Participant: 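Provided herewith is a single structure, encoded as structure tokens, for subsequent inquiry.
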Amino acid sequence: MAPTDDAHAGQTTQAGGQRYFPDLPPAIDLPAMEHDVLARWQDGQFFERSLKATEGRPLWTFYEGPPTTNGMPGVHHIEARVFKDVFPRFKTMQGFHVPRQAGWDCHGLPVEVAVERELGLSGKKAIESYGIAEFNARCRESAQRHVDAFEELTVRLGYWVDLQHAYRTMDTSYIESVWWSLKEIFGKGLLVKDFRISPYCPRCETPLSDHEMGQPDVYRLVTEPAVTVRFPLASLPDGANPLLTGAHLLVWTTTPWTLVSNTAVAVHPGESYAIARKPGDGDTVVVAEKLAARVLGDGWHVVATVPGAALVGATYRPPFDLVEIPGAHRVVPGGFVTTEDGTGLVHLAPAFGADDMETGRAHGLPVVKPVRQDGRFEEWVPLVGGMFFKDADEPLVRDLAERGLLFRVEQYEHSYPHCWRCHTPLLYYALPSWYIRTTQVKDLMLAENERTNWQPPTIKHGRYGEWLRNNVDWALSRTRYWGTPLPIWECGEQHLTCAGSLAELSELAGRDLSGLDPHRPYVDEVTLSCPECGGEARRVPEVIDAWYDSGSMPFARLGAPGQNAEEFRRAYPAQFICEAIDQNRGWFYSLMAVGCLVFGRNAYENVVCLGLVVDEHGRKMSKHLGNVLEPLPLMEAHGADAIRWFFAASGSPWSTRRIGDAALGEIVRKVLLTYWNTVSFLVLYANAAAAQDQAWGPAQAAGAPPAAARPLLDRWLLSELHATTQEVTANLEGFDTAAAGRRLASFIDDLSNWYVRRSRRRFWEGPATADGSSAFGTLYECLHVLTRLMAPLTPFLADHVWAVLRGPDDPESVHLASWPAVDEALIDAQLSGQMAQTRRLVELGRSARAAASVPVRQPLPRAVVSAAGFAELAADLRSEVIHELNVRALEPMAAVGEDLVDHVVKPNFRTLGRRFGKGTKPVAAAIIAAEPAVLAAELRSAGKVSVEVDGTPVALGPDDVIVTQTPRTGWTVASEGGETVGIEVFITPELRREGLAREVIRLIQDARKSDGLHVSDRITVSWEATDPDLSAALTEHGQLIASEVLADRFGPATPADTDPARGAHQHAEPDLGLTFWLARA
RNA sequence: GGGCCUAUAGCUCAGCCGGUUAGAGCGCCGCCCUGAUAAGGCGGAGGUCGAUGGUUCAAGUCCAUCUAGGCCCA
């Protein structure tokens, strides 16, 4: 039964006492519990209430990076959404107001591609004949459909974000805001038209996107002629090596048709170039020194070498004179030039290559483009006019040969891209495109990046910073359909007009366009009269990169331009954003770039950058491999909390994550169920106490003795609790969920496997005594705090537990509660260290017992300990060791007698190294050489000891030497790190009988459980023993056994006891020679 | 070709400010504990801490180079 809001009405137990807590089921079904919690959140409007409750508090702004809604969500979509929820919940509990607006990225090529596939369309021509209006309507519908799937996932994950008021990049008001920002950039002269090199299919007459270039079969191996051509030098730069006079540059290319457009030659400024001469005829050529032998072959000498930089500025005669290219045919430097193949001198035709274009732009070279959009040379070009570009290679090479400029032709095999649709060889082709001059704000972006906090920190100057330093202008436009249309109108005189909103557009067009769908094709139909010349202006055909849309979300999410300006001012920049690392060049950049361009300031202060999600075997998840894990079934199998914990709190969020059932199952068992069972333990005994008319609940917790008056174990747990709170708070403030998770998991382990284990007896005995009241109070307080610490990470289980534990004055949901405060006075580092030692001694003792094969149930006379600090260990802590090891006494090693103990001494390098530095080794050698027993005795009696090093005495303290003492005979021993526990293995008949009694207690407890009795049920037990020793043990310890197993009667069986009619269960233990009958009293 | 990340047990991963027997979990084997637990403990088997070189009294840890894998970009 799930707790409900009236769980604490106070219910009457069978025995008549009032119990505060609802009874909890023995096992919890986590996914089912989560559904209950989801329903409670929904009914109680807790998210809305958490926002309302923090209204007016300091704002902590979070920006949701909009997922692209081009397909169904996968587990990798969960990852970032976990972190986007954890920190806002944490900050809300800390008292900040954290509005969370959802958002969806609806535009872009991925959506178009998905719709093309659905419609069976292939390529832009097909889309246009299908109709842009209808196509875009399908895109809108597809985006909406996938938004629904993302919403379902978001809710199920427990990601609290306002879905009702989500921003959508396809909404009119959003597009208008984007237009507004573009106009700002346009007004600064940073939005310009220029050429861009794209892979281009001349048959389809369309550029290919990166996505299309990634299709299989695009790159095919082809064998083509590669030519090495002579470019005779015409003039040399000042101070050039005179040997260059009359030399020919050797230039290599696999695309002879581009030589028609040759504009420049690039050399690597740092490479060495050889001037080589053929003896006899004075023929002189220039080639990279590293490639000289390969390119030239035999018969050439290198007469000199010059750095590439020395060639820069030379001019040459172009290979063809078919096209006029003013101001060209120079040697320019190019960092991209390699000496892998070719000649180390690279021919540049800016219209037909990306490096060519970029280099040309840097050196003010013209862009000439004698090839038409259909891939044919312009008719007016001599020799090759009208010819398809590929077909021009042959006549051009022949012409070069005839003019003596062809140095060599060879067949060259390489991979070359082809159109994935029609298999036509692609060409790299300059197309007009719109750019944002981000290079103009590069310094600003670098400065803004400096004051941005990255988690993990290495990204800041590494992956992201490196990318930022190599910033190039943003190619903004796309010749596509489903996107924010570029709001620029151009007239016949090429005057440009940018519209910043529909209102402005209405004014420019002279009609009311406020109801216009700003998408294509409707916006294309709007014409204006040019404000400059009055001519008719039409919109340029492009839409913009969808990344610009998402980068505009800080303002566009708030509605049309000018709306909510005050809210924007308060909520910019954001305190927190979080995405996976693939967003470096995506959203992290577009947010920063748009922010710097429009507002002169980055849009975020803290950015958490997550690793990628891969499958259990480390492979990337892809539909192709069929290894995509669907998030909803995964959450139904393990629960959303387990997945949240996995991503946020186990392993390292910044590295690549492998997710699978095994990892999630472990989290459920180790963390979530252990936590839950501790809660259920408290409730079980609180309700058992209620049945004894000792009702226990939060009111009684408040009445527990003050912390200082509680037993040591309780003070230890409170100390750990507050240290945990302190650490987890600091970790979350530093955006380190992994460290927080490790600390929480370790606290849960301490709580369940040490505190509760060692305190059980106090819970059995109930809260009536001071000790009992301390135990109940301490456990309750710890769970009350722990549940709040867990709330951001595992919001479902934490809220379910909260509903059980919360006091009458606590808020209804843990997510309305405040973050726990640290009481530093309760943190006792010394106690924490002593408890750690206590637990180490217990471990050593258990190890020693196991070595002697004596079960822990069998009491043994005594244990001896040798360990630094043991003398100071409190009696309470020694008593924990005694109980855990089941020994009668615990004594220092000295009790054994000095002469019966072996000593081993080892240097402690940590202290010696600090003291002696270079002299550490001889001191260590002297310690090892010393007589261990003597050294140990001296150290113990005097607290210091002197050893001889190179004839000089050196004084050592107890910290400088690790002494391990081991008793010689009659003991079972375990040692580690200078600590030793020895246990005396000597079982007297008396101890043997006590061991048997303990054995029987355990058997009866097992029987209770298998008979389905409640932990507080009273029983009667009668027994029959064949072994006289056992019989004696049961008689001697009858009272102890009876009280341990809650038996009202415990004694030898009479015929009446064994009568089946009485209803007692018979349990036989032939190994022990015992039979007993158990019945409810 | 450039940048970044990763490399520790069969698998998944910790490992702080460098400190001398390198840890945990999962899995396997044996044993133990259990009055909440789907838990817990002890032992066994399993490691040239990717390689090489360097710094240092001391390197899994710091530096350099290399190798392999991943991601992004060309």
Side-chain angles (χ1 to χ4, degrees), chain A residues 24 26-28 210 335-338 340 354-355 456 458-459 461-467 469-470 580-582 584-586 611-612 614 616-620 650-652 654-658 660 662-663 665-670 672-685 688 738 742 745-746 749 752-754 756-757 760-761 763-764 839 842-851 853-857 884 886 906-914 916-924 962 974-977 1001-1002 1004-1006 1008-1009 1013-1017 1044-1046:
Chain A
L24 298 179
I28 184 167
D210 288 353
F336 61 91
V337 174
T338 69
E340 291 295 306
D355 285 333
T458 53
I459 307 278
H461 293 120
R463 206 164 173 160
Y464 185 79
E466 200 58 41
W467 143 265
R469 275 190 289 283
N470 295 320
I581 194 164
D582 55 349
N584 264 2
R585 281 128 172 98
L612 264 85
V614 295
E616 254 177 318
H617 309 288
R619 293 173 311 177
K620 198 172 174 172
S650 76
S652 168
W654 346 110
S655 48
T656 309
R657 305 303 309 279
R658 299 185 180 195
E666 191 183 328
I667 287 166
V668 167
R669 280 183 289 110
K670 286 247 160 18
L672 303 182
L673 291 183
T674 306
Y675 164 50
W676 169 252
N677 282 324
T678 311
V679 173
S680 119
F681 175 85
L682 173 71
V683 168
L684 182 64
Y685 285 100
R742 275 196 295 274
S746 131
D749 187 65
S752 170
N753 292 320
W754 187 249
V756 171
R757 175 187 171 85
R760 273 184 298 213
R761 198 159 284 272
F763 287 96
W764 304 341
R839 293 172 74 175
V842 167
E843 275 174 33
L844 285 171
R846 284 202 278 242
S847 172
R849 284 194 78 117
S853 299
V854 183
V856 176
R857 240 174 278 132
E884 279 292 307
N886 196 16
K906 279 172 52 182
N908 182 2
F909 283 93
R910 195 187 283 269
T911 59
L912 295 177
R914 213 157 281 157
F916 297 105
K918 289 192 184 206
T920 305
K921 267 183 182 163
V923 178
I962 298 166
S975 292
E976 195 170 338
I1001 289 169
R1002 189 185 66 83
I1004 298 173
Q1005 301 290 25
D1006 278 357
R1008 284 182 61 111
K1009 194 179 265 186
L1013 296 177
H1014 188 262
V1015 292
S1016 55
D1017 284 338
E1044 287 292 302
V1045 302
L1046 303 185

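From a predicted model like this one, the values you see are computed outputs, not experimental measurements. The sequence lines fix the lettering, A, B, ..., with proteins before strands; numbering per chain opens at 1.
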Participant: Could you check which of B/C71, B/A36, B/A38 has an atom nearest any side-chain atom of A/Ala27?
Facilitator: B/A38
Participant: Give A/Ile28 one of three labels, base, sugar-phosphate or nothing, depending on what nucleic acid heavy atoms sit under 4.0 Å from its own.
Facilitator: base
Participant: How about A/Leu673 and A/Ile28: do any of their side-chain heavy atoms sit closer than 4.5 Å?
Facilitator: yes
Participant: Taking atom types as they are modelled, would you say the side chain of A/Arg849 forms a donor-acceptor pair with the base of B/C42 within the 3.5 Å cutoff?
Facilitator: no
Participant: Any side-chain N or O of A/Tyr685 less than 4.0 Å from the OP1 or OP2 oxygen of B/A36?
Facilitator: yes
Participant: With respect to the phosphate group of B/C57, does any side-chain polar atom (N or O) of A/Lys918 fall under 4.0 Å of OP1 or OP2?
Facilitator: yes
Participant: Could you list the residues that satisfy ring-ring contact (aromatic ring centres under 6.0 Å, His included) with A/Tyr675, not counting sequence neighbours?
Facilitator: none
Participant: Name the nucleic acid region contacted by A/Ser650, choosing base, sugar-phosphate or nothing; use a 4.0 angstrom heavy-atom cut-off, strictly under.
Facilitator: nothing
Participant: Please give the distance between the P atoms of B/A64 and B/C4 as a whole number of Å.
Facilitator: 11 Å
Participant: State the CG-CG distance between A/Leu684 and A/Asn677, to the nearest 0.5 angstrom.
Facilitator: 11.0 Å
Participant: Measuring only the P atom in each nucleotide, how far is B/A39 from B/G46? A whole number of Å is fine.
Facilitator: 27 Å
Participant: I need the A/His1014 NE2 to A/Leu1046 CG distance, nearest 0.5 Å.
Facilitator: 11.0 Å
Participant: Which distance, rounded to the nearest 0.5 Å, do you find between the CD of A/Glu884 and the CZ of A/Arg846?
Facilitator: 5.0 Å
Participant: Any base atoms under 4.0 Å from A/Val856, or only sugar-phosphate, or nothing? Heavy atoms, all strands.
Facilitator: sugar-phosphate
Participant: Check whether A/Ser752 reaches the backbone of A/Asp749 with its side chain - one donor and one acceptor, N or O, closer than 3.5 Å.
Facilitator: no
Participant: Just checking A/Val756: base, sugar-phosphate only, or nothing, at a heavy-atom cut-off of under 4.0 Å?
Facilitator: base
Participant: Could you check how far CZ of A/Phe916 sits from P of B/A58, rounded to whole Å?
Facilitator: 17 Å
Participant: Say you pick atom P in B/G44 and the same atom in B/U52; how far apart are they, in whole Å?
Facilitator: 30 Å
Participant: Answer whether the closest heavy-atom distance between the side chains of A/Leu24 and A/Trp676 falls below 4.5 Å.
Facilitator: yes
Participant: Rounded to whole angstroms, how far apart are CG on A/Asn677 and C1' on B/G35?
Facilitator: 14 Å
Participant: Salt-bridge test for A/Arg1002 and A/Glu1044: reply yes if a basic N is under 4.0 Å from a carboxylate O, no otherwise.
Facilitator: no
Participant: Between B/U56 and B/G18, how far apart are the P atoms? Round to whole Å, please.
Facilitator: 16 Å
Participant: Is it true that a side-chain atom of A/Asn908 and a backbone atom of A/Ile962 form a donor plus acceptor pair closer than 3.5 Å?
Facilitator: no
Participant: Taking CZ from A/Arg469 and P from B/G2, how many angstroms apart are they, rounded to a whole number?
Facilitator: 16 Å
Participant: Can you tell me the distance, in whole Å, between the CD atom of A/Gln1005 and the P atom of B/U34?
Facilitator: 9 Å
Participant: For A/Phe681, enumerate each residue passing the ring-ring contact (aromatic ring centres under 6.0 Å, His included) test, keeping only those at least two apart in sequence or located in another chain.
Facilitator: A/Tyr685, A/Phe763
Participant: Provide, to the nearest angstrom, the distance between the CH2 atom belonging to A/Trp467 and the C1' atom belonging to B/C4.
Facilitator: 14 Å
Participant: Identify which nucleotide among B/C42, B/C4, B/G35 has an atom closest to any side-chain atom of A/Ala850, counting heavy atoms from C-beta outward.
Facilitator: B/C42
Participant: I'd like the P distance from B/C73 over to B/U21, given in whole Å.
Facilitator: 48 Å
Participant: Which parts of nucleotides 18-24 of chain B does protein reach within less than 4.0 Å, heavy atoms only, written one letter per nucleotide 5' to 3' as B for base, S for sugar-phosphate only and - for none?
Facilitator: -BBB---
Participant: Mind checking A/Leu1046 for me? I need base, sugar-phosphate or nothing, with any heavy atom below 4.0 Å counting as a touch.
Facilitator: base
Participant: Do you know the tightest heavy-atom contact between A/Ser847 and A/Ala974?
Facilitator: OG-CB, 3.9 Å
Participant: Rounded to the nearest 0.5 Å, what separation is found between the OG1 atom of A/Thr674 and the CD1 atom of A/Ile667?
Facilitator: 12.0 Å
Participant: Between A/Ser847 and B/G43, does any side-chain N or O lie under 4.0 Å from OP1 or OP2?
Facilitator: yes
Participant: Reading 5' to 3' and counting Watson-Crick or G-U wobble pairs with both distances under 3.5 Å, write the dot-bracket notation for RNA chain B, | for bases paired outside the strand.
Facilitator: (((((((..((((.....[...)))).(((((.......))))).....(((((..]....)))))))))))).
Participant: Kindly compute the distance separating OG1 (A/Thr920) from CZ (A/Arg914), expressed to the nearest 0.5 Å.
Facilitator: 11.0 Å
Participant: Any donor-acceptor pair, under 3.5 Å, between the side chain of A/Thr674 and the base of B/A38, if you only look at N and O atoms?
Facilitator: no
Participant: Return the value, rounded to whole Å, for the distance between atom CG of A/Asn753 and atom C1' of B/U37.
Facilitator: 9 Å
Participant: Who pairs with A/Gln1005 by side chain to side chain contact (heavy atoms under 4.5 Å, CB included), at least two apart in sequence or on another chain?
Facilitator: A/Ile1001, A/Arg1008, A/Val1045
Participant: What does the list of N/O pairs under 3.5 Å between the protein and nucleotides 25-28 of chain B look like, with a distance for each?
Facilitator:
residue, atom, partner, partner atom, Å
B/G25, O3', A/Lys670, NZ, 2.8
B/G25, O2', A/Glu666, OE1, 3.1
B/G25, O2', A/Glu666, OE2, 2.2
B/C26, OP1, A/Lys670, NZ, 3.0

Participant: Between B/C57 and B/C62, how far apart are the two C1' atoms, rounded to whole Å?
Facilitator: 16 Å
Participant: What's the gap between B/A59 and B/G19 when it is taken at their C1' atoms, as a whole Å value?
Facilitator: 10 Å
Participant: Please report, rounded to the nearest Å, how far the C1' atom of B/C42 is from the CD atom of A/Glu843.
Facilitator: 9 Å
Participant: So which one's nearest nucleotide on RNA chain B is more toward 5', A/Arg742 or A/Val1045?
Facilitator: A/Arg742
Participant: Can you tell me, in whole Å, how much space there is between the P of B/G10 and that of B/G47?
Facilitator: 6 Å
Participant: Check the distance between B/U37's P and A/Phe763's CZ and give it to me in whole angstrom.
Facilitator: 15 Å
